[in-house]
Chemist: 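Let me begin by handing over the structure; questions about it come next.
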Amino acid sequence: MTISNEWIPIAQIRTASIATKWLGKAIEVRGWVRTRRDSKGGFSFLEINDGSSFGNLQIVAPNALANYESDVLNLSVGSSVTIKGVLKESPGEGQSFEMEASAIQVTGQADPQTYPLQKKRHTFEKLREWAHLRPRTNTFGAVTRVRNRLSYSTHQFFQDEGFFYIHTPIITASDCEGAGQMFRVTTLPLDKLPIKEGKVDSSQDFFGKPAFLTVSGQLEGEVYACAMGKIYTFGPTFRAENSNTTRHLSEFWMIEPEAAFYELPDNMALAERYLKRMIRDCLQDCVEDMEFFDKMIQPGVVATLQLVLDKPFEHLSYTKAVEVLLASGQKFEYPVHWGADLQSEHERFLTETYIKGPVILYDYPAAIKSFYMRINDDQKTVRAMDVLVPGVGEIIGGSQREERLDVLLERMTASGLKEEDYWWYLDLRRFGSVPHAGFGLGLERMVQYVTGMVNIRDVIPFPRTPGNAEF
RNA sequence: UCCCUUGUAGCUCAGUCGGCAGAGCAACGGACUGUUAAUCCGUGUGUCGGUGGUUCGAGCCCACCCGGGGGAGCCA
């Protein structure tokens, strides 16, 4: 049996407009068997998935095939196959097209006695133990394609808007980013650490000083924004927090745009355009996947996203938000008062009950936000913004940065930070300082929002959480 | 890190009062069928998370340890 090297993605056959051009023609597909149904009518049905689309291709395998008895009747779930045949309109219900096989080559068998995946539904918890096999399931295939689309949209959006893609460092020697607990990076022998004056002598370490995995590329992003105008980063970030929730990972992917001459309103508008671009692209290009999420994962998610596209985002100052919460009559576990950070129950009320959609909160009390956020004229609040969405909560956190050297120095002193650790960051304010702003978006939270997937561990291929780095 | 909850067949789970370890699905064998998570008949399946204790006897009670899930905090 000779099989050519030309095969077509099943996604093409799932798209009626493209499929028609293959009708009646000999084609080849390659993929994995999802299920086999034998018929005594002299043929078997195979469902083949190759990852290119949510839907499968139904193969009709006639018993006239030379290897029908020996191979086809032994094909089990998970086996890989290469199939040649002719694309036809399907007389059966459930699919428009099917392929009448003329040659089936079994590439790799999957022993049904030991192959963990069944045709039946598995819990997400169990599938996490099989992270190497779960992309072969409907849900994880769909999540993977949506995640890919969101990543692609990110680059398309920022490139279209004139932002430069900047690669900020993964390893950083400044532990001053302040966004959370950091992972230490070292080549020192852990069983025999060099000790000097009772402390680890980091001068002997690889970089001659303590080094860490980045928690944010923001400070480096500001450097490039203050030269290139508009930049964005898109890379992995690491947080060594011992958090065990459905919305936190130890390793996650973050998109951080930063733009010179941008003030907070520009920043908010950018965030809104960006989120809408991603949603629009997913609804347009991941139709089958989104239909699946809408039906099986979170009923109504498509309509909700469509609604988000049609309406401008609500804006609410922190002060107004506190008033709304106080006036709501809702009983909260944590009482609300001006100056306190909003708890997730408060955020949930605002976005899920009060606004019923995305909401941008801004102008937070200075005391609960980072030192680099620009102080407002009231001296009490800073130009910070959070974008909250129903279900997920905070999906974006950002701010206009403090560009005035004297004010920034004051804020650093008040936060107990040392000027010398930030000399290069402060230089941006010494030489040609400009107003600038940016934000960070957690890719996984965006995937959660768009798909309705409840647990963040199920929207990243190989989740890293406290106590779990398998695979 | 704190609180709650959970761990029994490949998977999902039941297991009463402490007294021989169970069901459905999957798998396998057969029947039937342009089938759609096909259907029908039949067959097999166990370190009851681990260690120790109480008891004539522990899946069940007690102690400690490990894993999973949910909530909180931290944040994206």
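Just so it is clear, the model here is predicted, and its values are computed rather than measured. Within every chain, numbering begins at 1; the chains are lettered A, B, ... in the order of the sequence lines, protein sequences first and strands thereafter. Worth knowing before you read on, the calculation uses all heavy atoms, side chains too, and leaves out hydrogens, waters and symmetry mates.
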Chemist: Does T123(A) place a side-chain N or O at less than 4.0 Å from the phosphate oxygens OP1/OP2 of U12(B)?
Modeler: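 For U12(B), OP1/OP2 do have a side-chain N/O of T123(A) under 4.0 Å.
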Chemist: Does R247(A) place a side-chain N or O at less than 4.0 Å from the phosphate oxygens OP1/OP2 of G70(B)?
Modeler: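 Looking at the OP1 and OP2 atoms of G70(B), neither is under 4.0 Å from any side-chain N or O of R247(A).
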Chemist: Which protein N or O atoms sit under 3.5 Å from an N or O of nucleotides 42-45 of chain B?
Modeler:
none

Chemist: At less than 4.0 Å, is any side-chain N or O atom of S344(A) found next to OP1 or OP2 of G73(B)? Yes or no.
Modeler: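 Checking S344(A) against G73(B): at least one side-chain N or O falls below 4.0 Å of OP1 or OP2.
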Chemist: Just checking, is any N or O donor in the side chain of S90(A) or Q95(A) under 3.5 Å from an acceptor N or O on the other one?
Modeler: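 Side chains of S90(A) and Q95(A): pair found under 3.5 Å.
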Chemist: Identify whether a stacking contact exists between F43(A) and G34(B), where the ring centres must be under 5.5 Å apart and the planes under 30° apart.
Modeler: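 No.
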Chemist: Is any N or O donor-acceptor pair between the side chain of E129(A) and the base of G67(B) shorter than 3.5 Å?
Modeler: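 When only heavy-atom distances are counted, E129(A) does not reach the base of G67(B) through any donor-acceptor pair under 3.5 Å.
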Chemist: Report yes if at least one side-chain N or O of T35(A) is closer than 4.0 Å to OP1 or OP2 of A38(B); otherwise report no.
Modeler: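 Yes, such a contact exists.
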Chemist: So, does R128(A) get its side chain near the phosphate of G67(B), meaning an N or O under 4.0 Å from OP1 or OP2?
Modeler: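 No, R128(A) has no side-chain N/O under 4.0 Å of OP1/OP2 on G67(B).
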Chemist: Quick one: is N244(A) getting a side-chain N or O under 4.0 Å of the G73(B) phosphate, OP1 or OP2?
Modeler: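 Checking G73(B) against N244(A), no side-chain N or O comes under 4.0 Å of OP1 or OP2.
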Chemist: Give a yes/no answer on whether the side chain of R34(A) brings an N or O atom under 4.0 Å of OP1 or OP2 in U35(B).
Modeler: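 Checking R34(A) against U35(B): no side-chain N or O falls below 4.0 Å of OP1 or OP2.
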Chemist: What nucleotide among A72(B), U35(B), C11(B) has an atom nearest to a side-chain atom of S90(A)?
Modeler: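 From the listed options, U35(B) comes nearest.
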Chemist: Considering just the side-chain nitrogens and oxygens of R37(A), establish if one lies under 4.0 Å of OP1 or OP2 belonging to A38(B).
Modeler: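 Yes, such a contact exists.
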Chemist: Hey, is the side chain of Q343(A) poking within less than 4.0 Å of OP1 or OP2 on A72(B), counting only N and O atoms?
Modeler: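 The answer is no; no side-chain N or O of Q343(A) sits under 4.0 Å from OP1 or OP2.
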